[in-house]
**Q** 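Sharing a structure here in structure tokens format.
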Amino acid sequence: MSDHDEDNSLHEKPLEFMQSIANTGGSCDGQAIIPTESGTYDCWCSCGEWRVEAASTAEGLHGARVHTGSVPA
């Protein structure tokens with residue numbers, strides 16, 4: 001048995017992971033918190049329904065968690 005599960009998305013290469021998210025068709029399978037040149041963070045979800053600008057990674061991650069329902073608003 002291998003040290004990791006081949007079907008686990010955590011072991012995918014970034015491009016493969018992003019392609020699998022792009023092909024999900026509107027579900028909340030992945031969220032991104034990306035730094036911008038202006039020092040803020042561009043935050044979005046693979047569902048296409050959530051995109052915000054955050055002042056910090058913590059703020060962006062909290063917003064993503066609220067969006068997916070894993071924490072209350």
**Q** Would you find a donor on one side and an acceptor on the other, under 3.5 Å apart, between the side chain of T40 and the backbone of A55?
**A**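 No, because the side chain of T40 does not come within donor-acceptor range (under 3.5 Å) of the backbone of A55.
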
**Q** Kindly give the heavy-atom pair with the smallest separation between C43 and A54, and that separation in Å.
**A**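 Where C43 meets A54 most closely, the heavy atoms are SG-CB, 3.7 Å.
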
**Q** To the nearest 0.5 Å, what is the distance between CG (L61) and OG (S56)?
**A**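 The OG atom of S56 is 8.5 Å from CG of L61, to the nearest 0.5 Å.
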
**Q** Give, for atom CD of Q31 and atom SG of C47, the distance between the pair rounded to the nearest 0.5 Å.
**A** 8.0 Å

**Q** How long is the span from the CD1 atom in I34 to the CD atom in E53, to the nearest 0.5 Å?
**A** 13.5 Å

**Q** Mind checking whether I33 and E59 have side chains closer than 4.5 Å, heavy atoms only?
**A** no

**Q** Does T36 reach the main-chain N or O of D42 with its side chain, forming a donor-acceptor pair under 3.5 Å?
**A**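 Not confirmed, T36 side chain does not pair with D42 backbone.
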
**Q** State, with a plain yes or no, whether a side-chain heavy atom of W50 is found less than 4.5 Å away from one of C28.
**A**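 No, their side chains stay 4.5 Å or more apart.
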
